Amino acid sequence: MAERIFGHIPNVFEGDVFENRIALSHSKVHRPTQAGISGSQKEGADSIVLSGGYEDDQDLGDVIVYTGHGGRDPITKKQVTHQFLSDKNLALAINCQNGLPVRVIRGANHKSKFSPEFGYRYEGLYKVVKYWRKTGRSGFNVWLFRLEKITVDQALTYQVSEDSPIYSKTTRTLTAQQRLNRDYSLTLKIKEIYNFHCQVCNTKIFTNAGFYAEAAHIKPLGEPHNGPDTLDNILCLCPNHHVMLDFGGFTIDDDYSLIGLEGKLYVKPEHRINSEFIRYHREHFTFNLPHASQPSS
DNA sequence: ATCGAACTTAGT
DNA sequence: ACTAAGTTCGAT
């Protein structure tokens, strides 16, 4: 099975039109030949198609309210049972909780002023900002997903700093896409190692899309820190302790004792942390080393 | 490996 | 409008 690609497909640009679903599939922009959502509940959704047929859809251009799949009679196409937050719907929820972009394609059968005259047109990247359940026009439950277009400026942040202006747009798109996929696989890996438990407080957060945790870089990515995007620089944290780490609310000693918090960072044997990175954090993100950063209680 | 679901498509 | 053929993916 081919690897799922998040973000732009190299050599495919916004506005590109494909004759039919087979051509769209072969382009890798949206691989399924019929299904509206491409994705898995484990990895998330990489692309969706708007092609009419779901009566609760709303298309405002840069904002789309997209209906999840399921519950339709295969013959009449009418909603005949409830939809559930599972399968492809769960995939879109995963995008929302992890900030993954989804490619959007509008088909000619999708009746809105934004749909193409014919064929299927690639409309660029959107983020899933919210999802919820409601009683649809049919009277059955449907899941809805609010999508907001990722602007060009935002998309540029996917690109790596070593990218030079002399690189072609295609090269930069490729680099950005590869980076996105690599980042995401590391994110999945660190959460898998700790089974979504925070390494500081052991909290495991439960949501309607399963468990939630954050991958936190010890030495930050990007200029001027340029920490590496590797497992030995990443922790699995709850949102609170992620924020505290990023803003120096606590730091970590060489023996993993916490400074500024009680206790010790839990580190699994198979997870090697580079002590250079926690030293960097101690030296750059606390206001008074080594033990004066405790908040008063 | 197999199977079912899917915002298809062409043909009648 | 209806139907059957057909493809691909994702889960079992």
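We name chains A, B, ... by the order of the sequence lines, and we start the count at 1 in each one. These values consider heavy atoms only, across backbone and side chains, with no hydrogens, waters or symmetry-generated copies. Because the structure is predicted, anything quoted here is derived from the model rather than measured.
Contact annotation: A/Y54 side-chain N/O to B/dA6 OP1/OP2 distance is not under 4.0 Å. For A/R31, a side-chain nitrogen or oxygen approaches OP1 or OP2 of C/dG10 to under 4.0 Å. A/R72 has no side-chain polar atom (N or O) that falls below the 4.0 Å cut-off from OP1 or OP2 of B/dA6.
Heavy atoms of A/G70 sit under 4.0 angstrom from primed sugar atoms or phosphate atoms, though from no base atom. Within the 4.0 angstrom heavy-atom criterion, base atoms lie near A/Y66. Backbone-only engagement by A/H26 is indicated by non-hydrogen atom pairs under 4.0 Å involving sugar-phosphate atoms exclusively. Using a 4.0 Å heavy-atom cutoff across all strands shown, A/K77 reaches at least one base atom of the nucleic acid. Looking at heavy-atom distances under 4.0 Å, A/D57 makes contact with a base. In this structure, A/H69 reaches the sugar-phosphate backbone alone: every heavy-atom distance under 4.0 Å involves primed, P, OP1 or OP2 atoms, never a base.
One interatomic measurement links the two molecules: CG of A/N109 to C1' of B/dT8, which rounds to 9 Å at whole-angstrom precision. If you measure from atom CG of A/D73 to atom C1' of C/dT3, you get 14 Å, rounded to the nearest angstrom. For the pair A/R137 CZ and B/dC7 C1', the computed distance is 15 Å after rounding to whole Å. Remark: P of B/dC7 and CG of A/L144 are 15 Å apart, rounded to the nearest angstrom. Rounded to an integer number of Å, the gap from A/Q41 CD to B/dA6 P is 14 Å. Rounded to an integer number of Å, the gap from A/I48 CD1 to B/dC7 P is 12 Å. Per the geometry, CD1 belonging to A/I75 stands 14 Å off P belonging to B/dT8, to the nearest Å. Nucleotide C/dG10 holds its C1' atom 13 Å from the CG atom of A/L90, rounded to whole Å.
The side chain of A/K88 approaches C/dG10 more closely than any other nucleotide in the set C/dC9, B/dT8, C/dG10. For A/S40, the side-chain atoms get nearest to C/dG10 when compared with the rest of B/dC7, C/dG10, B/dA6.
In this structure, the separation between NE2 on A/H69 and CD on A/Q83 is 7.5 Å, given to the nearest 0.5 Å. With rounding to the nearest 0.5 Å, the separation of CG in A/L245 from OG1 in A/T251 is 7.0 Å.
The partner of B/dC7, taking Watson-Crick or G-U wobble pairs whose two distances both stay under 3.5 Å, does not exist in any strand shown.
Each of A/I22 and A/D46 was matched to the nucleotide of DNA chain C holding its nearest heavy atom; the match closer to the 5' end belongs to A/I22.
We find that A/E55 and A/K78 are not joined by a salt bridge, their nearest charged nitrogen and carboxylate oxygen being 4.0 Å or further apart.
Within the 6.0 Å centre-distance limit, the rings of A/Y194 and A/H271 are counted as a close aromatic pair. Annotation: A/F277 is not in aromatic contact with A/H281 [ring centroid separation under 6.0 Å not met].
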task: Begin with the C-alpha distance, continue with both residues' side-chain angles, and end with the deciding distance and a verdict on side chain to side chain contact (heavy atoms under 4.5 Å, CB included) for A/F145 and A/I64.
output: CA-CA 8 Å; A/F145 299 85; A/I64 295 168; over 6 Å; no
